Student: 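First the structure, which I've put down as structure tokens, then a few questions once you've had a look.
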Amino acid sequence: MNYPEYKQPLNYGQVGTDILAWWKQNGIFEKSVSTREGQPTFVFYEGPPSANGAPGIHHVMARTVKDIFCRYQTLLGKQVSRKGGWDTHGLPIELQVEKELGITKEDIGKKISIEDYNQRCRETVMRFKAQWDDLTEKMGYWVDLDDPYITFEPEYIESCWALLKKLYDKGLLYKGYTIQPYSPAAGTGLSSHELNQPGTYRDVKDTTIVAQFKVKRDEKSEKLFAGADEVPTYILAWTTTPWTLPANTGLAVGKNIPYVLVRTFNSYTYAPIRVVLAEALVGKHFSEKGKDAPLEDYQAGDKVLPWRIEATFKGSDLIGISYERLFGHDKGFPAFEGEERAFRVINGDFVTTEDGTGIVHISPTFGADDFRAAALADVPALMVTDDEGKLGPIVDRTGRYVAQMGEFGGRWVKNYDGHDQSGADYKTLDESIAIRMKGDGTAFKVEKYEHTYPHCWRTDKPVLYYPLDSWFIKTTAVKDRLIELNKTINWKPESTGTGRFGNWLENLVDWNLSRSRYWGTPLPIWRSQDGSEEICIGSIEQLSAEIDKAVAAEIMTHNPYRKVDGAWVMADSSSDEPTTNNQQPATKKIDLHRPYVDDIFLVSATGQAMYRETDLIDVWFDSGAMPYAQWHYPLENGEKFKQNFPADFIAEGVDQTRGWFFTLHALGVMLEDSVAFKNVMANGLVLDKNGNKMSKRLGNAVDPFATIQQYGPDATRWYMIANAQPWDNLKFDLAGITEVQRRFFGTLFNTYSFYSLYANLDGFQATETGRVPHAELSELDRWILSKLQSLILEVRGYYDGYDPTKAARAIQDFVTDQLSNWHVRLSRRRFWKGELTQDKRAAYETLQECLVTVAQLMAPIAPFFAEWLYKNMTDGLRQEGNAQRWTAESVHLTLLVDADEARIDKALEERMELAQRISSLTHSLRKKSVLKVRQPLQRILVPVLNDTTREQVGKVEDLICAEVNVKHVEFLDDTSGVLVKSVKPNFKRLGQQYGPKLKVVGARIQQMTAEEISTLEKTGQLAVEIEGETYTLAPDDVEIRTDDLPGWLVATDGPLTVALDVTLTEELRQEGVARELVNRLQNLRKDSGLEVQDKIRVVLGAQPELEAAVQSFGSYIREEVQALALDFAPEISGGSVLEFDDFSVPVQLSVANA
RNA sequence: GGGCUUGUAGCUCAGGUGGUUAGAGCGCUACACUGAUAAUGUAGAGGUCCCUGGUUCGAGUCCAGGCAGGCCCA
């Protein structure tokens, strides 16, 4: 059977389409999994995309990376099942629906029911599924699309519930609070989106206080008490919200910020004090005049406060120091839990020296940073119990101080009730607090200050940062384990694992699960009104049982669920559900979304009604739960789960670090005490060619479908992988794909075309047995096969190390530089000349092995083209029942060849490199001497300083001669007496040996005479005197080379030097003419449209000089141009004229049919 | 503001553990070659290796501090 032949240029898009159709027809993807049944598995998790938007070119990138390693592992014989999935919940979908309906969150439950709203979300979320599936196929991403997991399915949600219950039972799920923007006037929390509405930030004038926190004198703080005197030390902290000061429980400093201790006086009580503040801010709080004013002259009421810096510290020196509570029990303020751990100086990475004092007052109930820093340092929040015994902050939800707050109890924090502020003696709470503190001597400075502050967009009243209820997963409880196990994960790039992810784990806070929204997995927790009793539901089964109890307690009227054939369905499905088209709606699936679950009420052990906590859970929980929920585990499929956990490999964008990567890891550690993935690649962004982010708005987004159609999936994938490492950002330029297509795929295609053209002419079909034995192969063949084995080792190593870029580059360099541009080019004559000899057979077999192996190696990256190449190369072989290794119908079903290391010959690879370099140098010399390659020359001269080089070059002499058209390579060694040696210092060695003396020694070496070089070579040492000192040089200290031959034109490349003998003899001249003639006749053949195998007869116009050349080289010419006859005639009419050198030759060419 | 990351020729990228004259491909210019031909060879032009300091005999490479871009988080 012939090898298929194709005409230039190959349509790569068509290759993609054709191969895809063939894959589908023959179920190749399915076979790539089923034929590996029983083999070790390679577990891959698909990070689910959301199908509510069209896929972009960056998805091609991300999915190419995933695909590469799954295909590679399949080639290694592993079984790789890849279950697809869809992420279906979340805010982006809600926002899209709201935009389409022209509504806001406010309208849900009013203009549209939750039921209808969620229905709309469900419809929207899969809108682009068909487009996604299409792209998946066309780009060649092999993933199981038929049985994907979908996060809105009841089974998936039920799994999430079961996992949540596991966490609940372990005590890892709790209700707490986070600090969120809150509008007391509206009684609601605000999202960051709402806070970003125009007009919410406004300038306001507030009372601000620099407060003095009195340091407790002990061992730790002793350094803050400069002497033995009794002057107290205070830490200064500035706040624009004085009403938060009674809730202060800590002070934060920056651990690297310099601080000073200043001796001065309080400007309200005139008492002598010491204060601590950031060095950089001293100028803001103290005047230049006070610097020199004598402390002892200070009188109460003086305008200028004298001050002295007594000491400086770093923030880290202050951490741990204790201070006295500003508003303590003695002043009528309440005690609180954990008080003994409060009132300490802690670290805060948000602290700056831009304003204030460089020390931040911390009230964990009224600031997100405060909350976080306090939690990390184990500083408690100031919480008080209300009338019902519930813990809460000192401000209630309407914006007033709670009753326990002593003299300030019941006061409004800001004017939320619209009370009259016009009275002459009206004081805001902030002002009252300031007055009180002035009297107490705890106010260092009180000022009005104008700044911007966020306001509620609905009520125009200032927003408070306020603790709001949330459900948390206590990830901090397993923090150490998370960090420990993370160290066992292979991150690509490593820095994402240690840096971005590792640092994030180091600063871990509990995972806030709550979302006050509608379209998502509901939190499966029911609670009694007073919060004293609650239950976490882990399955529909359990829920149904609880409902039955509630029905019995008459809290619910009926159970909406029932079990049919072991599956849970809606109880009313057969009665209420309208039937259409006579379809039997025997079962209607349970919907676990809102609002349905909100309508379920349960009964507590003590008979109280329990209501579902209305929150949804963070969608990241959905995706982090996929290793379990994709199998409906833990409710079933325990075995399947075990086989598929943890993942060997996952890959997503680097933006998923704190998203999917984290939630997978967190759940893996908490639920299974295991990593969830062993290898992870975080790929970078795909930018436009100018490095800008792609966006529809800018119109610079690249359409993946158009790209794949035009350039084919392989070139697109190859370009993306080869151009930059996946974790670097990629500047996507279509011109780059064109280049890859031309340079790599074009060359590979040409190489194949070349093979198929001649193999078909010879009727050659490769076999796997009876090949020419390796020992009988030519240098050239053994060389490329050695290179091929080296390539296999190299590429496998790169794939194993998750570095596809280096794999692609190695394959590309092999194909273009070694295989095509050296082996094939130098082998051309072997293919087109003569009968099918052993050498010709060897040429075919060698090239065949290279091409098939390349097809395998490139298959993970360029699956379509690799398939095309593999099938072209091996279909015939299988058809003739000849296959041993290549029995598989698809390259993706083969086992990747192992490198045959016995065939790696490093010496051979080395000398071929010498041949390549010598040829290049010779070409360069011809160029300089204006001697074209067709003109044969007698010899080149190569100086050699050792026998190894001579022997090495000698073995490739024939190749060099053929390539550069010379008759001989001659070696010049020392005995010739013509070599001129030069010497170069080996700086690396000399530097280590002589250090600072290197310069003079190096200079001396460069001045070495020929005799000195000779002495060094012969005796192995040379003593030289430099600046009065004697140094003994060793041969290793210098590099000896010969880069000049007097009287010759030479070219050098490092230690290699070549000279070209340009003497032309009459015979060489004639041969040159003969070659020119051959060349023109070949062109004429080609122009006349003759086939390669056609034989011809040639008649030339008689010319003496030409006849002499033909006399000498007639048989050579006839053989080259496949002429049966080559004659001269005095008169030629109607033919062409050949022109070359000084000749102008009429010629008549005819096809000889016999 | 913090963490991570990138910065080398017009463009895309290489440049183990420091070694003097920093490379490749593309693009550009010139010449050559032509039974692989939208290929190939040779030569040329093109660089403050982001900046500033430091360590060192010697820094693209190591250290510190900046600048600019990117991502994530506040």
Side-chain angles (χ1 to χ4, degrees), chain A residues 8-9 192 254 349-352 354 368-369 372 493 495-504 506-507 653-659 682 684-685 687 689-693 719 722-725 727-733 735-736 738-744 746-747 749-755 757-758 805-806 809 812-813 816-817 820-821 824-825 827-829 831-832 919-928 930-934 963-964 984-992 994-1002 1051 1078-1079 1081-1083 1085-1086 1090-1094 1120-1122:
Chain A
Q8 291 259 29
S192 56
D349 53 20
F350 49 85
V351 177
T352 68
E354 267 166 30
D369 277 340
R372 203 166 42 83
S495 60
T496 300
T498 53
R500 187 179 285 213
F501 194 68
N503 291 343
W504 154 255
E506 294 289 345
N507 292 306
V654 67
D655 55 339
Q656 293 295 328
T657 306
R658 292 172 185 187
L685 265 64
L687 309 168
K689 63 178 172 185
N690 299 318
N692 299 313
K693 229 176 145 171
Y719 162 72
N723 193 59
Q725 285 178 308
W727 44 87
D728 287 331
N729 289 348
L730 173 69
K731 288 183 194 163
F732 189 89
D733 188 355
T738 315
E739 189 184 326
V740 159
Q741 203 177 52
R742 237 192 28 229
R743 184 157 177 76
F744 175 60
T747 306
F749 169 70
N750 278 340
T751 307
Y752 168 75
S753 301
F754 182 83
Y755 174 90
L757 173 68
Y758 291 107
T805 303
K806 287 196 170 151
R809 288 176 181 170
Q812 190 170 299
D813 289 347
T816 57
D817 297 347
S820 168
N821 206 25
V824 172
R825 197 153 57 83
S827 294
R828 266 153 54 186
R829 300 179 65 80
F831 288 95
W832 78 60
S919 300
S920 172
L921 289 171
T922 310
H923 279 304
S924 156
L925 288 170
R926 275 183 173 274
K927 163 91 184 153
K928 276 184 200 146
V930 199
L931 284 164
K932 44 191 163 185
V933 181
R934 269 199 295 273
E963 170 65 10
V964 301
K984 204 184 138 197
N986 180 349
F987 283 98
K988 190 163 182 168
R989 225 186 109 85
L990 292 170
Q992 285 158 359
Y994 298 113
K997 307 271 181 168
L998 172 131
K999 272 193 176 137
V1000 285
V1001 176
V1078 167
N1079 168 245
L1081 287 171
Q1082 295 285 34
N1083 285 349
R1085 281 184 60 120
K1086 212 165 131 190
L1090 297 190
E1091 293 298 325
V1092 176
Q1093 66 275 24
D1094 287 337
E1120 288 296 309
V1121 303
Q1122 306 197 57

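Proteins come first, then strands; the chains are lettered A, B, ... in the order of their sequence lines, and each starts at number 1. Since this is a predicted model, take the numbers as computed values, not measurements.
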Student: Check the distance between G41(B)'s P and K927(A)'s NZ and give it to me in whole angstrom.
Tutor: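 K927(A) atom NZ is separated from G41(B) atom P by 14 Å.
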Student: Establish, with yes or no, whether the OP1 or OP2 oxygen of G27(B) is under 4.0 angstrom from a side-chain nitrogen or oxygen of R742(A).
Tutor: yes
Student: Flag the pair F754(A) / V824(A) as yes when at least one side-chain heavy-atom distance between them is below 4.5 Å, and no otherwise.
Tutor: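 Contact flag for F754(A)/V824(A) side chains = yes.
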Student: Using atom CZ of F744(A) as one end and atom P of A36(B) as the other, report the distance to the nearest whole Å.
Tutor: 21 Å
Student: Classify G736(A) by what it touches in the nucleic acid, base, sugar-phosphate, or nothing, heavy-atom distance under 4.0 Å.
Tutor: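 Nothing, no heavy atom under 4.0 Å.
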Student: Rounded to whole angstrom units, what separation is found between the OH atom of Y719(A) and the P atom of C26(B)?
Tutor: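 Nearest whole value for this atom pair: 16 Å.
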Student: Which part of the nucleic acid, if any, lies within contact of R743(A), taking any heavy atom under 4.0 Å across all strands shown: a base, the sugar-phosphate backbone alone, or nothing?
Tutor: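 It contacts sugar-phosphate atoms only.
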Student: How would nucleotides 59-74 of chain B be written as a contact map, 5' to 3', with B for base contact, S for sugar-phosphate-only contact and - for no contact, using protein heavy atoms under 4.0 Å?
Tutor: -----------SBSSS
Student: Distance check, P atoms only: C26(B) and A43(B), in whole angstrom units.
Tutor: 14 Å
Student: How long is the straight-line distance from CD of E1120(A) back to CZ of R829(A), given to the nearest 0.5 Å?
Tutor: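 If I round to the nearest 0.5 Å, the distance is 4.0 Å.
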Student: Check whether any side-chain heavy atom of R743(A) sits under 4.5 Å from a side-chain heavy atom of Q812(A), and report yes or no.
Tutor: no
Student: Taking the side chain as every heavy atom from C-beta outward, state whether N729(A) and K731(A) have any atom pair closer than 4.5 Å.
Tutor: no
Student: Ignoring hydrogens, what is the shortest heavy-atom contact between A722(A) and T805(A)? Give both atom names and the distance.
Tutor: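 Scanning both residues, the minimum pair turns out to be O-CG2, 3.7 Å.
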Student: For N723(A), is there any backbone N or O sitting under 3.5 Å from a side-chain donor or acceptor partner on R809(A)?
Tutor: yes
Student: If the C1' atom of A45(B) is compared with that of A30(B), how far apart are they to the nearest Å?
Tutor: 11 Å
Student: Round to the nearest Å and state the distance from F501(A) atom CZ to G2(B) atom P.
Tutor: 23 Å
Student: Could you check whether D733(A) gets within reach of a base, just the sugar-phosphate, or nothing at all, counting any heavy atom under 4.0 Å?
Tutor: nothing
Student: Once you round to the nearest 0.5 Å, how far does CG of L687(A) lie from CG of L730(A)?
Tutor: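 Answer for the CG-CG pair, L687(A) versus L730(A), is 7.5 Å.
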Student: State the pairing partner of C31(B); accept Watson-Crick or G-U wobble contacts with both distances under 3.5 Å, and report none otherwise.
Tutor: G41(B)
Student: Which whole number of Å gives the distance between the P atom of G16(B) and that of U61(B)?
Tutor: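 Result for the P pair: 12 Å, nearest Å.
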Student: Across the strands shown, which category fits Q1082(A) at heavy-atom distances under 4.0 angstrom: base, sugar-phosphate, nothing?
Tutor: base
Student: Could you tell me whether V351(A) contacts a base, only the sugar-phosphate backbone, or nothing, with contacts defined as non-hydrogen atoms closer than 4.0 Å?
Tutor: nothing
Student: Under the criterion side-chain contact (heavy atoms from CB on, under 4.5 Å), I'd like the reasoning laid out for Y719(A) against D733(A): C-alpha separation, chi angles, the key distance, then a yes or no.
Tutor: CA-CA 9 Å; Y719(A) 162 72; D733(A) 188 355; 3.9 Å; yes
Student: Just name whichever nucleotide pairs with G10(B), Watson-Crick or G-U, keeping both distances under 3.5 Å, else none.
Tutor: C26(B)
Student: Taking CD from E739(A) and P from C11(B), how many angstroms apart are they, rounded to a whole number?
Tutor: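 So the two atoms are 15 Å apart, to the nearest Å.
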Student: Check every strand shown and say whether K731(A) touches a base, only sugar-phosphate, or nothing at a heavy-atom separation below 4.0 Å.
Tutor: sugar-phosphate
Student: Can you list everything that forms a ring-ring contact (aromatic ring centres under 6.0 Å, His included) with Y755(A)? Sequence neighbours excluded, please.
Tutor: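 Partners of Y755(A) under the ring-ring contact (aromatic ring centres under 6.0 Å, His included) test: Y3(A), Y844(A).
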Student: Using the closest heavy atom to pick a nucleotide of RNA chain B for each, name whichever of N986(A) or H923(A) lands nearer the 5' end.
Tutor: N986(A)
Student: Mind checking Y758(A) for me? I need base, sugar-phosphate or nothing, with any heavy atom below 4.0 Å counting as a touch.
Tutor: sugar-phosphate
Student: Expressed as a whole number of Å, how far does the C1' atom of G66(B) sit from that of U29(B)?
Tutor: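 40 Å, rounded to whole Å.
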Student: Using the C1' atoms only, state how far A59(B) lies from C49(B), rounded to an integer number of Å.
Tutor: 11 Å
Student: I'd like the C1' distance from C4(B) over to G47(B), given in whole Å.
Tutor: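 Roughly 29 Å separates the two C1' atoms.
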Student: So, under a plain 3.5 Å distance rule, would you say the side chain of S820(A) forms a donor-acceptor pair with the base of A36(B)?
Tutor: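 Looking at the base of A36(B), it does pair with a donor or acceptor on the side chain of S820(A) (distance under 3.5 Å).
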Student: Would a distance-only check, ignoring hydrogens and angles, find a side-chain to backbone donor-acceptor pair under 3.5 Å from R825(A) to N821(A)?
Tutor: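 Yes; judged by distance alone, with no hydrogens or angles, the pair exists.
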Student: Can you check the W727(A) CH2 to U6(B) C1' distance for me, whole Å?
Tutor: 15 Å
Student: Without decimals, in angstroms, what is the distance between N723(A) CG and A24(B) C1'?
Tutor: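 My rounded result for the distance is 13 Å.
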Student: In terms of side-chain heavy atoms of N821(A), which of U40(B), C4(B), U12(B) is nearest?
Tutor: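 When the side chain of N821(A) is considered, U40(B) is the closest of U40(B), C4(B), U12(B).
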Student: Expressed in whole Å, how much space separates the C1' atoms belonging to U21(B) and G15(B)?
Tutor: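 Approximately 16 Å lies between the C1' atom of U21(B) and that of G15(B).
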Student: Paired with G1(B): which nucleotide, if any, by Watson-Crick or G-U wobble criteria at under 3.5 Å for both distances?
Tutor: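 Partner of G1(B): C73(B).
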Student: When you match A724(A) and V933(A) each to their closest nucleotide on RNA chain B, which lands nearer the 5' end?
Tutor: A724(A)
Student: Would you mind classifying the nucleic acid contact of S495(A) as base, sugar-phosphate or nothing, using non-hydrogen atoms under 4.0 angstrom?
Tutor: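 Counting heavy atoms under 4.0 Å across all strands, the contact made by S495(A) is with sugar-phosphate only.
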Student: Looking only at atom P, what distance separates C51(B) and A9(B), rounded to whole Å?
Tutor: 11 Å
Student: Return the pairing partner of G16(B) with a 3.5 Å limit on both distances, Watson-Crick or G-U wobble; otherwise return none.
Tutor: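 Paired with no nucleotide.
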Student: Between atom NZ in K932(A) and atom C1' in A32(B), what is the gap in whole Å?
Tutor: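 Interatomic distance, NZ of K932(A) to C1' of A32(B): 10 Å.
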Student: Counting the atoms with a prime plus P, OP1 and OP2 as sugar-phosphate, which does R809(A) contact under 4.0 Å by heavy atoms, base, sugar-phosphate, or nothing?
Tutor: sugar-phosphate
